[in-house]
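Single-structure report; data block below.
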Amino acid sequence: MTGFISKRALGIAPSPTLAISAKAKQMKADGIDVVSFGAGEPDFDTPEFIKAACIASLSAGFTKYTPVPGTAGLKKAIVNKLKRDNGLDYGPENVLVSVGAKHSLYNAILATVDPGDEVIIPAPYWVSYPEIVKMAGGIPVYITADETTGFCVTPEQIKNALTPKTKMLVLNSPSNPTGAVYPRETLEAIARVCEEANILVLSDEIYEKIIYGDTKHVSIASLGEKIKKLTITVNGHSKAYSMTGWRLGYAAADADLIKAMSRIQGHSTSNATSFVQAAGEAALNADQSFLEDMRKAFEERRDYICKRLNAVKGISCLVPDGAFYVLPNVSALYGKRYDKWTVGSSDDLCSYLLEYALVACVAGSGFGAPDNIRLSYATGMDSIKKGLDRIEEAVGKLE
Ligand SMILES: *Cc1c(COP(=O)(O)O)cnc(C)c1O
């Protein structure tokens with residue numbers, strides 16, 4: 001049936017993170033004791049009060065269509081949240097509720113990027129950005145950051161990537177897969193570059209609440225009226241409230257942009273699920289101190305995993321300031337071998353670790369980071385310890 005598949009669909013790469021998790025899942029199903037560092041979601045359950053709000057809404061019969069951009073109650077909760085946490089002054093006309101943050105990003109790109117438009121994507125990047133840009137007919141333009149700048153691209157790199165076709169810059173801080181958090185001064189300089197070039201900024205802030213030490217999350221839209229006008233801020237409930245399966249996210253931007261995004265959503269998914277919106281409203285309106293337990297647990301795991309990885313010869317790992325991933329550099333192992341395995345790339349190393357050591361990691365190649373592998377620490381401390389013991393043993397065998 002391949003003759004029937006559109007060029008659009010043919011141009012989309014399958015998710016690289018799914019291939020290894022599928023293999024790891026199959027091995028687990030076959031009774032093999034695999035430790036997985038592949039997870040892209042918190043391992044905690046959704047807090048009970050959020051579930052209760054959903055059940056109450058459902059029982060009360062809140063089961064019909066809602067307005068496409070979201071219920072008045074949830075939009076108000078988002079407006080209050082943006083003010084409280086991000087210093088952003090928006091009204092309900094500036095907010096669009098969607099079926100996950102990924103859907104918000106999709107709407108934002110589809111509503112702004114024309115065929116041939118260029119979108120600057122800092123690498124290492126989250127795998128969906130380039131694919132969504134391609135779906136819109138846009139052209140991803142990559143600029144690469146490495147360990148020397150803490151995985152943050154510089155304002156100069158952005159400036160150098162600008163052409164008359166540049167429409168948008170994608171920012172993701174805290175970042176998946178690097179865990180990097182952009183400092184305020186860097187964001188200020190980036191804002192000035194974007195203002196001068198008059199390009200949009202798509203700011204994916206989904207990991208805002210998972211941040212360590214004295215690091216502060218800064219929304220680029222809060223750095224002045226001009227940059228606020230150019231920025232589409234995206235956030236959602238998946239990572240902060242352990243609500244990945246619920247599918248709830250939102251965007252905040254200039255009212256004209258939000259209207260254009262709503263038109264696209266209105267003819268595709270319509271509203272996010274009614275009673276999920278009620279739960280999302282309860283999550284945002286609650287006292288947020290309960291988030292601290294999860295944040296602390298992640299921080300403890302981060303410290304442990306970085307210490308262990310850096311103790312392995314041939315692996316070096318920056319200590320990230322946010323999210324729940326580490327992206328150690330493993331390029332010193334390239335060219336080494338053990339038994340039937342030769343490690344020539346991040347993909348080879350991940351195959352070796354899975355087949356020999358029964359540990360699932362994700363190759364950095366899919367994120368634009370060929371020298372690295374990604375480990376998620378959204379898994380219990382016992383598995384983290386077991387997995388690191390195995391990695392240490394397996395890497396020690398390579399020569
Ligand atoms: C998980 C993730 C998302 C998607 O979140 P959903 O709200 O579940 O769609 C968006 N951006 C990044 C960087 C992510 O890691």
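Everything quoted here is computed from the prediction, not taken from an experiment. Counting starts at 1 for both ligands and their atoms, following the listed order. The basis for the numbers below is simple: all heavy atoms, side chains too, and nothing from hydrogens, waters or symmetry mates.
Taking the six-membered ring wherever Trp is involved, the centroid distance between the rings of F44 and F298 falls below 6.0 Å.
Atoms of ligand 1 found under 4.0 Å from any heavy atom of G100 (numbered from 1 in listed order, with element): 7 (O), 9 (O). Atoms of ligand 1 lying under 4.0 Å from any heavy atom of Y207, numbered from 1 in the order shown and given with element: 1 (C), 13 (C), 14 (C), 15 (O). The ligand atoms of ligand 1 that sit less than 4.0 angstrom from a heavy atom of D204 are 10 (C), 11 (N), 12 (C), 13 (C). Short contacts between ligand 1 and Y129, defined as distances under 4.0 Å to a heavy atom of the residue, involve ligand atoms 13 (C).
Assignment of R247 to the shell around ligand 1 is supported, since a heavy atom sits closer than 4.0 Å.
The protein atom (non-hydrogen) at minimum distance from atom 7 (O) of ligand 1 is A101 N, 2.7 Å. Annotation: atom 14 (C) of ligand 1 to nearest protein heavy atom, K239 NZ, 3.1 Å.
With salt bridges taken as basic N to acidic carboxylate O contacts below 4.0 Å, none links K397 and D339. Of the charged side-chain nitrogens involved, none lies within less than 4.0 Å of a carboxylate oxygen, so that R192 and E188 do not count as a salt-bridged pair.
Counting heavy atoms from C-beta outward, V97 and N271 have side chains that stay 4.5 Å or more apart. Taking the side chain as every heavy atom from C-beta outward, F37 and L388 approach each other to under 4.5 Å.
Looking at N176 next to ligand 1, an N or O pair under 3.5 Å apart turns up. Residue N172 has no N or O atom closer than 3.5 Å to an N or O atom of ligand 1.
Within the 3.5 Å criterion, the main-chain N or O of S289 finds no donor-acceptor partner in the side chain of E292.
Of the candidates Q265, R263, K102, N107 forms a side-chain hydrogen bond (donor to acceptor under 3.5 Å, both in side chains) with just one, namely Q265.
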